[in-house]
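Convention: sequence-line order gives letters A, B, ...; per-chain numbering from 1.
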2 protein chains.
Amino acid sequence: MKRITIYDVAKEADVSLATVSRVINDSNVVREDTKQRVQEAIEKLGYKPNAIAQGLALSKTTTVSIVMSEKLFAYNGKILNGLMDVAKIYNYNIMFHTTSQGISKMQDVIESIIKSHVDGVILFNDNFSEDEMEVLQEYQIPMVVVGSLLPETKVNNVGNVYVDFEKMAYEMVNELFDKGINDISLVEDKLNLSMMEQMRSGIERAFHDHGTEFKKYISYDETYKSSYNFLTEYFKTNKPSQFVFTFRDSQAIAVLNSCQEAGYKIPDDCQLVCVLNNKYLSMTRPNISTFNIPEYDMGAVSMRLLTKMLVDDESVRENKSIELGYSFIPKGTTK
Amino acid sequence: MKRITIYDVAKEADVSLATVSRVINDSNVVREDTKQRVQEAIEKLGYKPNAIAQGLALSKTTTVSIVMSEKLFAYNGKILNGLMDVAKIYNYNIMFHTTSQGISKMQDVIESIIKSHVDGVILFNDNFSEDEMEVLQEYQIPMVVVGSLLPETKVNNVGNVYVDFEKMAYEMVNELFDKGINDISLVEDKLNLSMMEQMRSGIERAFHDHGTEFKKYISYDETYKSSYNFLTEYFKTNKPSQFVFTFRDSQAIAVLNSCQEAGYKIPDDCQLVCVLNNKYLSMTRPNISTFNIPEYDMGAVSMRLLTKMLVDDESVRENKSIELGYSFIPKGTTK
DNA sequence: TTGTACGCGTTATCAA
DNA sequence: TTGATAACGCGTACAA
């Protein structure tokens, strides 16, 4: 079955292809009755414009690339939801790229982004180096980074939608100090290293403000099982900290389970917070305290920012950096 | 910055664009020294072929569409991983489409698939009607459906990679009957309705084989919270079934928590199985028994099947339906 | 208001 | 072995 082209429609409606093109693109110079005829022909033949040919003619694909690490997207469902919903509203197609250590290096992803001539790119944090961003920049591909605050960089003109994890950690630790709590741990999340870095630096700043030094940055393997095993062993000879920051659900649950099984009471012996919120935190006993990070909005705002940059870069030249708020959700693991 | 085209390379290497094209596409008729010259020019200018133009010229985009419902992809991470890895190997780009009730109806997704001229489509179950598949079929777009067994349909020539949930349920229930257990419930999962249908029919068949009738197909709202609340209320006046099938982690955990809190012992008073396995099932006490569904393989096999269909449909004409195995993983909620 | 003709960047066919 | 040139399907100046 041959695909219907604009020529077929033109012949059917007995006009030139230019006229058909005008009808498709809502030009208002077409006379009403010919417009009618053309639309009937389109309907009759079931014509759909070829986006590839349009892309070539216009040098515009109405497609944006989303890049995230293979391990992350199970956790970033809501961000992805936000991205997809807004992309749908603006009629953008999504090219989806994942990166992982072995099979798909960022290098290949960049290569395919450039070849595909997508109109813009959305990058998740922890996925790329500055060099890699510069490559994209050379090709003038509009770009927004979603996740945490982008460090000062020579790569300019990049959109950034973020939550200020540094501030979040800083404020929380200050409050803890006010309550007399100073034995605080931060459990590393290898999937979100840039966010970890910011939280750590916020905590360090708070410690420093109180004339002391933060030492309990805990780093071990990334799976629930190994975390759980590590901690179970650890708690045989060590007491838990007064307060533990974790980033993801599974880390928090590992702490909760191992700690409770070692005979410690939560939140009495050890308070616990998990930064990223999801339903699993409500399935434990007690429920795990967390933050309300506006994940869906992070996606939605990022995509909206990108579309603005695509339509008219000037209009957003000065405010490509958008901070989103957060709030603490106390549950059963803090007091 | 103007993008480098094949013309620029031709001029730089002092050959015609035809020759450049031959070098790019590994034609073996090019003399070695000119090939050298061209490659140097490509290198020097940083030329990358424009995939859009290639797509137009070849009527082939090396892009495949993946369609899944917005709510599902948080659960289908592993399938997606399998899909992406294999796509990467065969150098296919991925167009990612999500469907949801409001914003992006399947109709729009189909429209954009057709316009994009992707080479093939991978559909997740529960995402489309037979009519919608027929539309894709009309446009001759190769298609594979991943998830559960496709029912007999007039839409032919569709790939299908599946796990036989009907058999799984049937076998398990038979074993239960052998052990004298006949009070069995199946909790509906609204996110995976076609799989539910198959499990239900497997259970019904087993009941029928034993001369009785299956009645405990339980259906309520889909979130953890509402499930938990429903069950908590339910167990105030009702005993749990001897054996409960759930599909997703949150449903299983809702049963586990509410049941235990109502004073029932698991697995003594009530046995529990969750079909889809993930790490959260190991975070509960006791750990929840489950099945090993080869999710990653489902994705990988699907994509490989699709690429085969794209390259040479004849070679796979007779075996487009691929069943993958499963196995039971007993943990603490069964005995 | 409509049509003609060129350009978008490739591949492929044919001559040379 | 190489080079012109016609497609691929569309948008758009420009002409009519």
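- Comparing the helix axis at one end of the helix from dT1(C)-dA16(D) to dA16(C)-dT1(D) with that at the other, each defined from 5 consecutive pairs, gives an inter-axis angle of 50° (nearest 10°).
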Chi angles and distances behind the side-chain contact (heavy atoms from CB on, under 4.5 Å) call for Tyr47(B), Glu12(B): CA-CA 11 Å; Tyr47(B) 166 72; Glu12(B) 176 74 25; over 6 Å; no
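- The nearest whole Å value for the distance from the CG atom in Leu45(B) to the C1' atom in dG9(C) is 15 Å.
- Ion pairing between a basic and an acidic side chain is recognised when a charged N comes within 4.0 Å of a carboxylate O; Glu111(B) and Lys115(B) show such pairing.
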Verdict with reasoning, Asp85(A) to Tyr296(A), per side chain to side chain donor-acceptor pair (under 3.5 Å): CA-CA 10 Å; Asp85(A) 283 354; Tyr296(A) 181 90; 2.5 Å; yes
Encode nucleotides 8-16 of chain D as B, S and - characters from 5' to 3', where the letter depends on protein heavy atoms closer than 4.0 Å: B to the base, S only to sugar-phosphate, - to neither. BBBBBB---
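- For His117(B) and Thr61(B), the side-chain atoms include no donor-acceptor pair closer than 3.5 Å.
- Within the 3.5 Å criterion, the main-chain N or O of Leu150(A) finds a donor-acceptor partner in the side chain of Asn160(A).
- Distance, Arg37(B) CZ to dT1(D) C1': 12 Å, rounded to whole Å.
- Among all heavy-atom pairs drawn from Ile6(B) and Leu17(B), the shortest one is CD1-O, 3.8 Å.
- For the pair Lys115(A) NZ and dT10(C) P, the interatomic distance rounds to 11 Å; values are reported in whole Å.
- Using a 4.0 Å heavy-atom distance criterion, Val30(B) is classed as a sugar-phosphate-only contact.
- Of all the heavy atoms in Leu305(A) and Val161(A), the pair that sits closest is CD2-CG2, 4.0 Å.
- Spacing between atom CG of Asp14(B) and atom C1' of dG3(D) amounts to 12 Å, rounded to whole angstrom units.
- Shown here are the side chain to side chain contact (heavy atoms under 4.5 Å, CB included) partners of Asp8(B), two or more places apart in sequence or in another chain: Lys2(B), Ile4(B), Thr5(B), Leu45(B).
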